[in-house]
Amino acid sequence: MALLTSDAQYAANLATLAQQPALQPLLAQMAAMPLTNIQLFPGPTGALLGCVWDVHSKTWIPVCDLQDPIGAAEAAAAQMWSPNFTVFTMMGMGLGYAVGALAKLLLPYQRLVVWDSDAGLFKAMLYAMDVGDMFSGRRVEIYVGPDLLQQIEPWHMRLEVHEKLHMAMPISHGYTAVYRKTEYADLLTKTMNLMCFHMVGLATWRQF
């Protein structure tokens, strides 16, 4: 099947996501957001590639594999996924290839949560890939924007006890070590602290 052009893919994704009421505020935000710091260009396999401009290093940072982004994402997801985990958390979404690859592997009792302080990458993902499968029957939650640190704890508190017991270690995209690294590091630290707090509490409960 022929790949859609990036503009056609974006339009198709908007039509798909229009059926998700919870995403309407985010989609309205996307409509008014220019992709000023993101470059999108075709790769060797036909998939769309992307780089973001990092103001500190003054360089373009790739947000996906620049040779075979889909194949690389699928290989990484196969290594990260396990039937023993109930919750996977990902820091940064890149162009969405890793999110989509891991989402395909989720079992009915598993969920994937993505935290990204750069809302522009969510819009870039809509140009790069078909997100239909990601939001059709999959337990995928995506949170984007500048106020995520205040959202992580309420999200964690809403999890079931058995989910908290079997959370996988958070996953970080490689680019987050350079691009807006302080913001992504804060998200990772917050998530890790909540996981540790719960495990310490559980251990204390077991002692009694």
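Predicted, not measured: the structure shown is a model, and the values here were computed from it.
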(message) Applying a strict under-4.5 Å side-chain criterion to I, L, V, M, F, W and Y, I'd like to know whether V178 and V55 cluster together.
(response) no

(message) Walk me through whether W115 and W155 qualify under side-chain contact (heavy atoms from CB on, under 4.5 Å).
(response) CA-CA 11 Å; W115 302 99; W155 166 82; 3.8 Å; yes

(request) Of all the heavy-atom pairs spanning G100 and M129, show the shortest one and how long it is. (result) CA-CE, 4.1 Å

(request) Check for a donor-acceptor pair, side chain of E153 on one end and backbone N or O of T191 on the other, with a separation under 3.5 Å. (result) no

(request) Check A101 against A73 and note the closest heavy-atom contact, atom names and distance. (result) CB-O, 3.6 Å

(message) So T89 and V87, do their side chains get closer than 4.5 Å, heavy atoms only?
(response) yes

(message) When you measure from the side chain of S117 to the backbone of P146, do you find a donor-acceptor pair of N or O atoms at a distance under 3.5 Å?
(response) no

(message) Are more than 12 heavy atoms, taken from residues, nucleotides or ligands other than M169, located less than 6.0 Å from that residue's CE atom?
(response) no

(message) For S6 versus L48, what's the shortest heavy-atom pair and its separation?
(response) CB-CD2, 4.1 Å

(message) Please say yes or no: joined through hydrophobic side-chain contacts below 4.5 Å, possibly via intermediate residues, are V52 and L49 part of one cluster?
(response) no

(request) Report yes or no: does N13 contribute a side-chain atom to a donor-acceptor pair with the main-chain N or O of L126 at less than 3.5 Å? (result) yes

(request) Report yes or no: does H166 contribute a side-chain atom to a donor-acceptor pair with the main-chain N or O of T86 at less than 3.5 Å? (result) no

(message) Give me each pair satisfying side chain to side chain donor-acceptor pair (under 3.5 Å) with a member in residues 96-114, each pair once, sequence neighbours excluded.
(response) W81-Q110, R111-E141, R111-E163

(message) Distance check, rounded to the nearest 0.5 Å: I142 atom CD1 versus L26 atom CG?
(response) 8.5 Å

(message) T176 vs L187, test: side-chain contact (heavy atoms from CB on, under 4.5 Å). Steps then yes/no.
(response) CA-CA 11 Å; T176 63; L187 292 172; over 6 Å; no

(request) Check whether any side-chain heavy atom of Y175 lies under 4.5 Å from a side-chain heavy atom of L121, and answer yes or no. (result) yes

(message) Before you tell me yes or no, could you show the steps for L106 and L112 under side-chain contact (heavy atoms from CB on, under 4.5 Å), namely the whole-Å CA-CA distance, both residues' side-chain angles and the distance that decides it to 0.1 Å?
(response) CA-CA 8 Å; L106 294 179; L112 169 62; 3.9 Å; yes

(message) Could you report the tightest heavy-atom contact between P44 and Q67, atom names first, then the distance?
(response) CD-O, 3.7 Å

(message) I need the full list of salt bridge (charged side-chain N to carboxylate O under 4.0 Å, His left out) pairs touching residues 166-184, with sequence neighbours left out, sorted by first then second residue.
(response) D118-R180, R180-E183

(message) Checking side-chain polar atoms at under 3.5 Å, does Y184 have a donor or acceptor matched by the opposite partner on D116?
(response) yes

(message) Taking the side chain as everything from C-beta on, heavy atoms only, tell me whether V113 gets closer than 4.5 Å to M90.
(response) no

(message) Is there a side-chain contact between P170 and M195 in this structure, where contact means two heavy atoms from C-beta onward sitting under 4.5 Å apart?
(response) yes

(message) Could you tell me if the side chain of M134 sits less than 4.5 Å from the side chain of M125, heavy atoms only?
(response) yes

(message) Which heavy atom of A128 sits nearest to which heavy atom of L95, and what is that distance?
(response) CB-O, 4.0 Å

(message) If we count only N and O atoms by modelled type, under 3.5 Å, do the side chains of D54 and S57 hold a donor and an acceptor together?
(response) yes

(message) Let me confirm one number: the CD1-CE distance from I152 to M192, rounded to the nearest 0.5 Å.
(response) 12.5 Å

(message) Is any side-chain heavy atom of K164 closer than 4.5 Å to one of V161?
(response) no

(message) Nearest 0.5 Å, please: how far is CG in L148 from CE in M91?
(response) 9.5 Å

(message) side-chain contact (heavy atoms from CB on, under 4.5 Å), that's the test. Do W53 and K58 meet it? Break it down for me.
(response) CA-CA 7 Å; W53 177 254; K58 293 182 173 55; 4.0 Å; yes

(request) State, with a plain yes or no, whether a side-chain heavy atom of C51 is found less than 4.5 Å away from one of V63. (result) no

(request) Looking only at non-hydrogen atoms, find the nearest pair between Q19 and A15 and report the distance. (result) NE2-O, 3.8 Å

(request) Check for a donor-acceptor pair, side chain of K123 on one end and backbone N or O of L35 on the other, with a separation under 3.5 Å. (result) no

(message) My understanding is that only residues two or more places apart in sequence, or in another chain, count here; which of them pass side chain to side chain contact (heavy atoms under 4.5 Å, CB included) with M80?
(response) A76, I171

(message) For a 4.5 angstrom cut-off between non-hydrogen side-chain atoms, does N37 reach Y179?
(response) yes

(request) Can you measure from CD (Q151) to CG (L149) and round to the nearest 0.5 angstrom? (result) 9.5 Å

(request) Working to the nearest 0.5 Å, report the span between CD1 of I61 and CD of Q39. (result) 11.5 Å

(message) I'd like to know whether NE2 of H162 has more than 12 heavy-atom contacts from other residues, nucleotides or ligands below 6.0 angstrom.
(response) yes

